[in-house]
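Below, all heavy atoms of this structure are taken into account, side chains as well, without hydrogens, waters or symmetry copies. No experiment lies behind these values; they were computed from the predicted model shown.
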Amino acid sequence: MHTNHNPSVSVVIPAYQAEKWLPTLLEGLDRQTFKDFEVIFVNDGSTDNTGVILENYAASRRRVRVIHQVNKGVGAARNTGIEAAKGEYVVFIDADDAISESHLDDLFSLATSLNLEVAMCNGWRFREVPGDDPDARWITKPFPEKKAMSGVEWFELTLNMQEWWGCPWMAMIRMDFLRRHSIGFAEKMSYEDNLWNVMVQTKAKRVAYTSKQSYYYRWTPNSILNDPSMSQKLWRIESCMALIEKIWQLADSETSPTAVLLKRLAANKGRTLLAYVAELGSFDKRIAVSCELQKRGFLARMSRDVETVWYRKRILRAYGFAFLGMLRDFLTVREIKEDST
């Protein structure tokens, strides 16, 4: 990594409170068989030793940079990394994850051999040590190997096989493609990864996939997406609603077949949204959220896009809770009027 020209690949890594996980990732970076890359760490307001560890690592490595910023979230941190990147391609890695020694080599070889805008690989889920669950492949279906296609074709293929995923890692993307289409990450929003992939896949002309499993995703049961507190449950619902609204907006601005695919994806996310509502537990909260879904037009639009009977039942159940909410409000107003007379 000690050359003067701009690197072929920029590796962007947002890091927040990552001191526990960084040694595994740093070891993987040092072992890369591909050498022509830079690393941009964005320390997103960590209060532990993350910043110190990164600065010490960068001190002896000329193509490693550390950018410190106040906490803005992972989307904003990745955008900061994109702005600073000098490579022809960019790769995203999360600070608590890990990569095999061939990760960059596999993706770069695929991207350059087929002149791709997006090169994708497979990966593993793990809990403590990379490879501790040999059955936890990220992608389980047999997709076409090293075959160039459009992003929309890939979108449709993975959606049909129920293997569409919204993560920005496990991919290498051309920087000029991102800049040409002004593609960045949504900030102050969960599910920004999903929205990112929607924009990338609907714009890319040439993408391809290799089944090599070179990325290791750390699955943490106590992560923010698994937090059982009521505040986090409500936050996940609001975030999912924001994502669906964004996908609908994109669908309304597109023509077929892209618009049809986006509506199908929104319907899939709608099922997730209704599952979140069902998990609230609190009867009053389910009524309140269902009323909000009805007022904002979610239930009506999801009803139009529905394809399966069991999904329709979930929507009808939400309508039922919304009706209970309206009935309760009506009776409350009536009672107040009667008391006032």
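Taking the centre of each ring, Tyr217 and Trp138 come in below the 6.0 Å mark.
At least one donor-acceptor pair under 3.5 Å links the side chain of Thr50 to the backbone N or O of Ala18. A donor-acceptor distance shorter than 3.5 angstrom exists from the side chain of Asp44 to the backbone of Lys72, with no hydrogens or angles considered. In this structure a side-chain-to-backbone donor-acceptor pair under 3.5 Å is missing from Glu187 to Gly73. Although no hydrogens or angles enter the test, the distance criterion places no donor-acceptor pair under 3.5 Å between the side chain of Asp193 and the main chain of Cys167. In this structure, Ser214 contributes its side chain and Ser100 its backbone to no donor-acceptor pair below 3.5 Å. In this structure, Asn160 contributes its side chain and Glu156 its backbone to a donor-acceptor pair below 3.5 Å. Between the side chain of Gln69 and the backbone N or O of Val42, no donor-acceptor pair lies under 3.5 Å. Side-chain N or O atoms of Glu163 include none that pairs as donor or acceptor with a backbone N or O of Leu159 at under 3.5 Å.
In the displayed structure, Lys246 atom NZ is contacted under 6.0 Å by at most 12 heavy atoms of other residues, nucleotides or ligands. Counting non-hydrogen atoms of other residues, nucleotides and ligands closer than 6.0 Å to NZ of Lys141 gives a total above 12.
When side chains are defined from C-beta on, Thr112 counts as touching Tyr89, because their heavy atoms get closer than 4.5 Å. Taking the side chain as every heavy atom from C-beta outward, Ile13 and Trp169 never approach each other to under 4.5 Å. Using a 4.5 Å heavy-atom cutoff, the side chains of Arg317 and Leu274 are not in contact. Taking the side chain as every heavy atom from C-beta outward, Leu280 and Leu234 approach each other to under 4.5 Å. No side-chain heavy atom of Cys121 sits under 4.5 Å from any side-chain heavy atom of Asp106. Between Pro144 and Met149 the shortest side-chain heavy-atom distance falls below 4.5 Å. Between Phe143 and Met120, every side-chain heavy-atom pair lies at or beyond the 4.5 Å cut-off.
For the atom pair CG of Asp252 and NZ of Lys263, the computed distance is 6.5 Å after rounding to the nearest 0.5 Å. If you take OH on Tyr16 and CG on Asn43, they are separated by 10.0 Å, rounding to the nearest 0.5 Å. Taking CD of Gln17 as the start and CD of Glu19 as the end, the distance is 7.5 Å to the nearest 0.5 Å. Arg301 CZ to Ile244 CD1: the interatomic distance, rounded to the nearest 0.5 Å, is 10.5 Å. To the nearest 0.5 Å, atoms OG (Ser190) and CG (Leu243) are separated by 8.5 Å. One finds the CE atom of Met199 at 12.0 Å from the NE2 atom of His181 (value rounded to the nearest 0.5 Å).
Under 4.0 Å is where a charged nitrogen must lie from a carboxylate oxygen, and between Glu117 and Arg180 at least one such pair does. Between Arg78 and Asp94, at least one side-chain nitrogen of the basic residue sits less than 4.0 Å from a carboxylate oxygen of the acidic one, meeting the salt-bridge criterion. Electrostatic pairing of Asp30 and Arg61 counts as a salt bridge here, judged by a charged N lying under 4.0 Å from a carboxylate O.
Within the structure, salt bridge (Lys or Arg N to Asp or Glu O under 4.0 Å) contacts touching residues 278-293 (residues at least two apart or in different chains) are Asp284-Arg328, Glu292-Arg296.
Under the 30°/60° scheme for interplanar angles, the aromatic rings of Tyr57 and Phe41 are found to stand perpendicular.
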Problem set entry | Worked check of salt bridge (charged side-chain N to carboxylate O under 4.0 Å, His left out) between Arg218 and Asp132 | CA-CA 11 Å; Arg218 188 184 300 274; Asp132 60 12; over 6 Å; no
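Val118 and Ala204 get closest at one heavy-atom pair: CG2-CB, 4.2 Å.
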